[in-house]
There are 2 protein chains.
Amino acid sequence: MFKKVLLAEDFQDTNLGIVDTLKTKLHIQEIREELYCDKALNRLKGAHSNNSPFELLITDLHFKEDHVERKITSGVELIRAARKLQPNLKVIVNSMEDNPVKINPLFKEENIDAYVCKGRHSLEELVKAIQEVYHNRTYYSPQINLNVSNNVFELDQFDLDILKDLANGLTKKEISEKLKSQNISPNSESTIDKKVSRLFDEFGAKNTNHLIAKLIKLGKI
Amino acid sequence: MFKKVLLAEDFQDTNLGIVDTLKTKLHIQEIREELYCDKALNRLKGAHSNNSPFELLITDLHFKEDHVERKITSGVELIRAARKLQPNLKVIVNSMEDNPVKINPLFKEENIDAYVCKGRHSLEELVKAIQEVYHNRTYYSPQINLNVSNNVFELDQFDLDILKDLANGLTKKEISEKLKSQNISPNSESTIDKKVSRLFDEFGAKNTNHLIAKLIKLGKI
DNA sequence: CAATCCCTTACGCTATTCTGTAAAGGATTT
DNA sequence: AAATCCTTTACAGAATAGCGTAAGGGATTG
């Protein structure tokens, strides 16, 4: 089993429960906890330069703001910095995020080893995840699949650009003019109208406000 | 000190940390934990009819959905049902919500005794909150005020309701009609216009799309 | 008591959105 | 070559958004 584990998590009470469980159920010898990303990274660096590196990082995704100044503010940034320092470091993300649209990129882009969704069984799941990761397998909280949105529809780059512009407050006329100035075709206001109207149908939106709200919540834009 | 405490919280790991702390630091004899609101209420009822009622309820606000069918789905509903059964029950809310607009009504409408915001010091705060409540005083997490100052402008419930309706695709006319049917005032289309226009200025938005996108990304709606 | 401020509401005007129809051109099929 | 499909585009009309002005009422101030 892992001998040296780092836990980055800003909820003090959660922290305590996890540390206790890992010690009693998995007999992990050394578990360090840090409440801030910056401090977690410093601890990784220190251990690395002392030739006694951590083997596993368990981190949350969202860290609350505070009076303390911070350079790194999210779990993803912490993972990137940690992997830059120590590419073979195993990483488990433990967060309350249950949107697969947000979680799947963690496996694809950040190559995390496991995702545990905080909830009623997260301690048992975390134990299982650590065991799986220790044997070089991945783990994914089962209840996430239940919440999967059944949207198979994929937005292409043209759709995405239009939607982002709309979310940034541009009118369709302005978007049309922007595309023309960039020599991107198609670019007519009419076509933009048609594209967006089709997205209304695809995502069941009543109007642009509704569409943008849905897509931002889905993490698509 | 309290002798019998009920903890309603759907995050298993949080639960463990809290129970451990309350036992060791406050020497509370009996602490029951429940992962579902319904079960928590049942336990309150059972203890009440056995003439050994709970003295304190510590509850979260949001409970995740599950395969289990539930009647009560939020902390507020649990508090109301609990107070109906046992009006003198002390209540502490322990949640990650840090928006004063959401928290203040808990004191005003639900007469809760303390609010502890989950975070880096929530365990110490919870201990302090319990001690205060035991002496018939109220407690309010100090960092909540700090988080307010970041955002000079605060959205009141009326603004929030309008924004959520807009994000759900309702037109201003429809929102006006909805408010009228609910006998909520003000309710004219003109006032809704004015409210939203003021939010454009406050948040530097060009139009409704822009405003909604910004506020969703800020986690306000 | 009058003056003032703030909030709500009505109204009017222009810009934009949303929804159709239709025409033109390219690509594919028959 | 003809028919068909798809995309782009223009245009038109009704609904909605966005913004200014103005009037009325309640609360506060001088």
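Residue numbering restarts at 1 for every chain, and letters A, B, ... go by the order of the sequence lines.
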Here the residues of residues 166-173 of chain A within 4.0 Å heavy-atom distance, strictly under, of DNA chain C are A:Thr171, A:Lys172, A:Lys173

message: Can a side-chain donor-acceptor contact be found between A:Gln12 and B:Glu124 if the only test is distance below 3.5 angstrom?
response: yes

Residues 160-184 of chain B vs ring pair (Phe, Tyr, Trp, His ring centres under 6.0 Å), sequence neighbours excluded, gives none

Chain A reaches DNA chain C, atoms under 4.0 Å from its heavy atoms, from C:dT16 to C:dT21

(message) Any base atoms under 4.0 Å from B:Lys206, or only sugar-phosphate, or nothing? Heavy atoms, all strands.
(response) nothing

Sorted by chain and residue number, the salt bridge (charged side-chain N to carboxylate O under 4.0 Å, His left out) partners of B:Asp20 (sequence neighbours excluded) come out as none

If each end axis of the helix from C:dC1-D:dG30 to C:dT30-D:dA1 is fitted on five C1' pair positions, the angle between them, to 10 degrees, is 20°

Sequence neighbours excluded, the answer for salt bridge (charged side-chain N to carboxylate O under 4.0 Å, His left out) partners of A:Arg70 is none

* Asked: Do you see a donor-acceptor pair shorter than 3.5 Å between the side chains of A:Asn168 and B:Lys206?
  -> no

For B:Tyr134, the ring-ring contact (aromatic ring centres under 6.0 Å, His included) test, sequence neighbours excluded, returns B:Phe2

Residue set satisfying ring-ring contact (aromatic ring centres under 6.0 Å, His included) with A:Phe107, at least two apart, ordered chain then number -> A:Tyr140

In short, ring pair (Phe, Tyr, Trp, His ring centres under 6.0 Å) pairs touching residues 169-197 of chain B with sequence neighbours left out are none

Is any side-chain nitrogen or oxygen of A:Thr191 closer than 4.0 Å to OP1 or OP2 of D:dT8? no

Under 4.0 Å between any heavy atoms, over every strand shown, what does B:Ser190 touch: base, sugar-phosphate, or nothing? Just pick one. base

Here the residues of residues 209-216 of chain A within 4.0 Å heavy-atom distance, strictly under, of DNA chain C are none

For A:Lys195, the salt bridge (charged side-chain N to carboxylate O under 4.0 Å, His left out) test, sequence neighbours excluded, returns none

Residues 70-106 of chain B vs ring pair (Phe, Tyr, Trp, His ring centres under 6.0 Å), sequence neighbours excluded, gives none

